[in-house]
Participant: 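This structure is in structure tokens; I'll ask about it shortly.
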Amino acid sequence: MTSCVKLDRSFYCRPTLKVARELIGKFLIYDTGRGRLAARLVEAEAYIGEDDPACHAAVGRTGRNAVMYGPGGFSYIYFIYGMYYCLNVVTESQGFPAAVLIRAAEPIEGIEVMRSRYENPGRNLLTNGPGKLCKAFGLSRGQNGIDLTGQKLYFEDRGYKPEMIELSERVGIKKAIDRKWRFFESFSPYVSVTPGKRNKVRHES
DNA sequence: TGTTGGATCAACT
DNA sequence: GTTGATCCAACAC
């Protein structure tokens, strides 16, 4: 058993593709009044700079995306489609807008709390999609701009090493789909919807 | 002040 | 494969 090491500023203030890849297998921790939530990341996407047409910073600096222009290691949470929030972690150094979208994870601790956020959890996976992950964790506008090296919301290395990481085009965007900036753990049942044929389920035997 | 489209999800057919 | 739910940020006027 390896000890838990909180990721520090130097982890985030690096090239975004590197951060996105290395976030796979790390644990997202959220300490709330309702207890501690933890989930192991299986899927993430990179959004890099004003030259990336799919990045929110493509339109330049605005009130909405301002936190992306700050230093790495802060949360960027935005509202979308009238119903969902998405959690990102800001990367790179101050002045360069980039972030990693946290898309899917495997629930580890506080699963009952996550389940309780759903009206009808059924057999649905709780965190296999960026909107669902935020819903399960109870993340919304109020958690935008949080310092991820603090005590409430952060990432931890627990020594888990993904066996295999694949990459594909990013999900749900129409611009710059040639950039294969989505990373996900191969064969994980906790990844979100499959883009194209790249993530097809394979049946042996 | 009004319009438009979006880094989504679930429930349909 | 398609659609409805639902709302805010950005931009046009």
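Every chain is numbered from 1, with letters handed out A, B, ... down the list of sequences. Note that the structure is a prediction, hence the values are computed from the model and not measured.
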Participant: Any cation-pi pair here, A:Arg21 with A:Phe183, using under 6.0 Å and within 45°?
Facilitator: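 No cation-pi geometry.
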Participant: Does any N or O donor sit under 3.5 Å from an N or O acceptor when you compare the side chain of A:Tyr78 with the base of C:dA9?
Facilitator: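 No, the side chain and the base share no sub-3.5 Å donor-acceptor pair.
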Participant: What is the distance from CD1 of A:Ile173 to P of B:dG5, rounded to the nearest Å?
Facilitator: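 Roughly 18 Å, once rounded to whole Å.
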Participant: Tell me the interatomic distance from A:Glu119, atom CD, to B:dA10, atom C1', rounded to whole angstroms.
Facilitator: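 Going from CD in A:Glu119 over to C1' in B:dA10 covers 13 Å.
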Participant: Can you name the closest pair of heavy atoms from A:Tyr12 and A:Val19 and give their distance?
Facilitator: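 Scanning both residues, the minimum pair turns out to be O-CG2, 3.8 Å.
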Participant: Heavy atoms from C-beta onward define the side chain here; which of B:dA7, B:dA10, C:dC11 lies closest to that of A:Tyr118?
Facilitator: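 Per side-chain heavy atoms of A:Tyr118, the pick is B:dA10.
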Participant: Of the nucleotides B:dC9, B:dA7, C:dT6, which one has an atom closest to the side chain of A:Tyr47?
Facilitator: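 Of the options given, the side chain of A:Tyr47 lies nearest B:dA7.
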Participant: State whether A:Arg170 and A:Glu45 are salt-bridged, where the test is any N-O pair (Lys NZ or Arg NE/NH1/NH2 against Asp/Glu carboxylate O) under 4.0 Å.
Facilitator: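 The answer is no: the pair does not qualify as a salt bridge.
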Participant: Measuring from the side chain of A:Phe79 (C-beta onward, heavy atoms only), which nucleotide among C:dC7, B:dA7, C:dA10 has the closest atom?
Facilitator: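 Looking only at side-chain atoms, A:Phe79 lies closest to C:dC7.
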Participant: Any strand is fair game: report the nucleotide pairing with B:dA7 by Watson-Crick or G-U wobble, both distances under 3.5 Å, or none.
Facilitator: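 Base partner found: none.
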Participant: Could you tell me how far apart A:His56 (NE2) and B:dG6 (P) are, to the nearest whole angstrom?
Facilitator: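 Whole-Å distance recorded here is 10 Å.
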Participant: With DNA chain B as reference, determine whether A:Arg64 or A:Lys132 sits nearer its 5' end, using the nearest nucleotide of each.
Facilitator: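 Taking each residue's closest nucleotide, the earlier one in sequence belongs to A:Arg64.
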Participant: In whole Å, I'd like the distance from the CG atom of A:Asp52 to the P atom of B:dA7.
Facilitator: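 Rounded to whole Å, this separation is 11 Å.
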Participant: Would A:Lys6 pass as a cation-pi partner of A:Tyr154, given that its NZ or CZ must be under 6.0 Å from the six-membered ring centre and within 45 degrees of the axis?
Facilitator: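 So A:Lys6 does make the cation-pi contact.
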Participant: What is the distance, to the nearest angstrom, from the CG atom on A:Asn128 to the P atom on B:dA10?
Facilitator: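 Result: 7 Å.
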Participant: So if I take every side-chain heavy atom of A:Val171 and compare against B:dA10, B:dT8, B:dA7, which nucleotide ends up nearest?
Facilitator: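 Looking only at heavy atoms from C-beta outward on A:Val171, the closest nucleotide is B:dT8.
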Participant: Send over the distance from A:Lys174 NZ to B:dT8 C1', rounded to a whole Å.
Facilitator: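 Taking NZ of A:Lys174 and C1' of B:dT8, I get 11 Å after rounding.
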Participant: Under 4.0 Å from OP1 or OP2 of B:dT8: is there any side-chain N or O of A:Tyr84 that close?
Facilitator: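 For B:dT8, OP1/OP2 do not have a side-chain N/O of A:Tyr84 under 4.0 Å.
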Participant: Do A:Glu169 and A:Lys174 meet the salt-bridge criterion of a basic N to acidic O distance under 4.0 Å?
Facilitator: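 Looking at A:Lys174 and A:Glu169, the cut-off is not met.
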Participant: Regarding A:Gly82, tell me which of base, sugar-phosphate or nothing describes its non-hydrogen contacts under 4.0 Å with the strands shown.
Facilitator: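 Answer is base: heavy atoms of A:Gly82 come under 4.0 Å of a base.
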Participant: Let's see if you can work this out: which of C:dC8, B:dA10, B:dT8 has an atom nearest to the side-chain heavy atoms of A:Arg141?
Facilitator: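 The answer is C:dC8.
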Participant: Check the distance between C:dT6's C1' and A:Lys135's NZ and give it to me in whole angstrom.
Facilitator: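 For the pair A:Lys135 NZ and C:dT6 C1', the rounded distance is 13 Å.
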Participant: What's the closest nucleotide to the A:Tyr76 side chain, out of C:dT6, B:dA7, B:dG6?
Facilitator: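 Of the options given, the side chain of A:Tyr76 lies nearest B:dA7.
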Participant: In whole Å, I'd like the distance from the CG atom of A:Leu87 to the C1' atom of B:dT8.
Facilitator: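 To the nearest whole Å, that distance equals 15 Å.
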Participant: Taking only N and O in the side chain of A:Thr62, is any of them less than 4.0 Å away from OP1 or OP2 of C:dA10?
Facilitator: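 The answer is yes; a side-chain N or O of A:Thr62 sits under 4.0 Å from OP1 or OP2.
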